[in-house]
**Q** 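Below is the structure I would like to discuss, written out as structure tokens.
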Amino acid sequence: MCDVVVVGAGIVGASVAWNLTLAGARVRVLEAAPAPATAASAASFSRATAFGKPPRAYFDLNHAGLRELHRIGAQGAPGFHPCPTLLWARDPDRLDADLARARQWGYAAEEVAPDAPAVPRGVDRAALSPRVVRLPDEGWVDLPAMAGWMVDRARREGAEVRFGARVERILTDAAGAVCGVALAGGGRVDARTVVNAAGAGAEEVAGLVGGPLALAPTPGLLADLPLPGGVDAMLLGPDVSVRPAGPDGVRVRSDGVDARLAGPSGEPLDSPVRDLIERAGRVLPGLRGTRPTAVRVGIRAFPADGGSSVGFLDAVPGYYEAVTHSGATLGALLGRLVADEISSGGRPDLLTPFSPDRFHSMATP
Ligand SMILES: Cc1cc2nc3c(=O)[nH]c(=O)nc-3n(C[C@H](O)[C@H](O)[C@H](O)COP(=O)(O)OP(=O)(O)OC[C@H]3O[C@@H](n4cnc5c(N)ncnc54)[C@H](O)[C@@H]3O)c2cc1C
């Protein structure tokens, strides 16, 4: 019997598995896909930030997540790219509120003029509204690189990692406690704890133990565009967001374009992609008329109340949930906190408000 089965090898499952092996646990990772980080973790804007993320408990968790990325990056983990954000908004009141909260809660944020040297070369400064906020301590995460590295490290520390292994049942004993999982196509793995890190598949996995997790999955379109020389800041406007993606490219997305994806699935992407490139070209004219090097649609595993769902479920001993829609910011930190809680039994303070048990009351009218 192993101690812990981790379901899913996206950034969250990879980080949980790595940290559990460091804590000395016998870990088995079961991933339905043929490789790590092929779902949301491969189709993410992946900006690490706590800005504009109230309430205070959620901000604190994300702020700690950002610090954790700096910490593991300094220790040699690959994938985190520190990079300031420049942000401007259509709604000055909201910007004021976010800025005031950030300052009050100790988050580095400063106002800069659109013609300040901090605005990267190549940006059409006229496209920035007069009020621009600079967030100097943020960054973006190459999630496949980081998750792949964590899976390798977990393996070196003794974890067994199986790809093409879809969990279709969670097994419980006569007392109702978790005792293992059954795989599609046959086979079972015995374990005392099962961690649900299945991303957009987490609601289905939670359903295997009658867990009340409710997700509101939302699609997001991402296009990678060529830009010789790249850009050295993340640019977040009301119409489009742009972040570096390698030395000669950027990744772009837009809430406005994503709203158009909510229609029937299978809708051709040509027109939303054109819209995205047009919006990006208004901020970085060098992007006008470019052809994407990659286009992806990712599904965010959005817990229905907008928080994360992290912790043991009271009713099913041994079942643990690790689900978030801010996995780029939180993945590295959650891995450490979850491993801490599972191996020591003590609940980290930062996780207290995010228990999966809260979905029981959401489900009760
Ligand atoms: C468009 C978009 C933009 C985003 N932007 C940001 C951002 O700017 N900042 C930020 O912090 N976050 C962002 N996110 C969110 C972030 O990318 C995700 O929270 C993170 O990647 C989730 O990681 P995960 O490991 O939980 O899930 P995933 O990466 O989806 O991994 C889950 C894994 O579980 C496996 N699985 C599912 N069911 C089973 C099963 N039954 N058995 C075995 N395996 C199973 C899947 O195959 C998958 O590999 C964004 C997401 C999207 C889609």
Side-chain angles (χ1 to χ4, degrees), residues 5-17 28-53 58 61-62 65-66 69 79-80 85 138-144 146-147 150-151 161-170 181-185 189 194-208 215 217-223 234 236 241-243 251-255 257-258 261 276 295-303 308-310 321-335 338:
V5 158
V6 178
V7 185
I11 186 62
V12 174
S15 179
V16 168
R28 184 84 63 95
V29 180
L30 301 172
E31 165 56 59
T38 58
S41 299
S44 176
F45 191 70
S46 58
R47 167 180 167 232
T49 181
F51 190 78
K53 289 191 179 179
Y58 193 55
L61 186 66
N62 280 271
L66 182 55
L69 287 164
F80 180 54
T85 295
E138 298 197 342
W140 61 276
V141 190
D142 180 337
L143 292 173
M146 185 176 279
M150 288 171 167
V151 166
V161 183
R162 279 179 65 181
F163 296 107
R166 169 170 294 279
V167 170
E168 68 173 11
R169 276 195 307 137
I170 297 179
V181 298
L183 298 174
V189 178
V194 171
V195 178
N196 175 359
E203 190 170 358
E204 198 180 316
V205 173
L208 302 176
L215 292 183
T218 50
L221 178 68
L222 301 147
M234 294 186 280
L236 264 78
S241 301
V242 181
R243 68 129 162 105
R251 179 166 291 185
V252 299
R253 65 162 300 275
S254 157
D255 285 341
V257 173
D258 286 352
L261 300 179
L276 199 49
V295 170
R296 296 181 186 86
V297 176
I299 306 294
R300 294 181 186 84
F302 224 100
S308 299
S309 182
V310 187
E321 217 152 80
V323 184
T324 178
H325 67 282
S326 293
T329 309
L330 294 178
L333 174 72
L334 287 184
V338 169

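As the structure lists them, so they are numbered: ligands from 1, and atoms in each ligand from 1.
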**Q** Would you confirm whether S254, through its side chain, and L276, through its main-chain N or O, come within 3.5 Å as a donor-acceptor pair?
**A**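 Looks like no, no N/O pair under 3.5 Å.
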**Q** Atom CG of D255 and atom CG of L221: how far apart are they, to the nearest 0.5 Å?
**A** 12.0 Å
**Q** Applying salt bridge (Lys or Arg N to Asp or Glu O under 4.0 Å), can you list everything that pairs with R243, at least two apart in sequence or on another chain?
**A**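 Scan of R243 (salt bridge (Lys or Arg N to Asp or Glu O under 4.0 Å), adjacent residues dropped) gives none.
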**Q** Quick one: list whatever passes salt bridge (Lys or Arg N to Asp or Glu O under 4.0 Å) with R296, sequence neighbours left out.
**A**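 D224.
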**Q** Which protein residues have a heavy atom under 4.0 Å from ligand 1?
**A**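 Lining ligand 1: V7, G8, G10, I11, V12, L30, E31, A32, A39, A40, S41, A43, S44, F45, S46, R47, L143, A165, R166, V167, A197, A198, G199, V205, G220, L222, G298, I299, R300, T324, H325, S326, G327, A328, T329.
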**Q** Hey, what do you get for CZ (F80) to CG (L143), rounding to the nearest 0.5 Å?
**A** 11.5 Å
**Q** Going by salt bridge (Lys or Arg N to Asp or Glu O under 4.0 Å), name the residues that satisfy it together with E138, two or more places apart in sequence or in a different chain.
**A**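 Residues passing salt bridge (Lys or Arg N to Asp or Glu O under 4.0 Å) with E138: R47.
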